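All figures in this text were calculated on a predicted structure; none of them were measured in a lab.
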Amino acid sequence: GSTANVEFHGIDGEAALMLLAQYGIAVSTGSACGSSHHGPSHVLLAMGRNEAQAASSLRFSLSRETTDQEIDLAIATIPGVIQTLRTLAGA
């Protein structure tokens, strides 16, 4: 599988995780080895990201089982969810 971490400036990663889950899109806000840990990813902090940057980041994972339809849904849904969260946050 492949994993990508993406920072979305001005959003709360936990809020994005919950909204995306409503559309059937599963993401994570932490590292794979710390999925039960809440708060900024220690991996991102170790990579030099500050707490705000780490808290506004989402981890996306793809595998051989990920379908084109799932990718299309994520591409179509994520921008609107991020914009909604930025609007709510006044960013």
With sequence neighbours excluded, what pairs up with [X] under the side-chain contact (heavy atoms from CB on, under 4.5 Å) test?
X	value
Thr3	Arg59, Ser61
Leu19	Gln22, Val81, Leu85
Ser2	none
Leu17	Val27, Thr29

How far does [atom1] of [X] sit from [atom2] of [Y], to the nearest 0.5 angstrom?
X	Y	atom1	atom2	answer
His9	Ser57	NE2	OG	11.5 Å
Thr77	Asp72	OG1	CG	10.0 Å
Phe60	Ile25	CZ	CD1	8.0 Å

Q) Do Leu73 and Glu70 have side-chain heavy atoms sitting under 4.5 Å apart? A) no

Q) Are Ile71 and Thr66 close enough that some pair of their side-chain heavy atoms sits under 4.5 Å apart? A) yes

Q. Taking all non-hydrogen atoms of both residues, which atom of Gly10 and which atom of Ala89 are closest, and how far apart?
A. O-CB, 3.9 Å

Q | Taking every non-hydrogen atom, the tightest pair across Ala74 and Pro79 | A | O-CD, 4.3 Å

Q) According to a 4.5 Å side-chain heavy-atom criterion applied to Ile, Leu, Val, Met, Phe, Trp and Tyr, with indirect links allowed, do Val6 and Leu62 form part of one hydrophobic cluster? A) no

Q: Look at the side-chain heavy atoms of Ile, Leu, Val, Met, Phe, Trp and Tyr, link any pair under 4.5 Å apart, and say whether Ile78 and Tyr23 land in one connected group.
A: yes

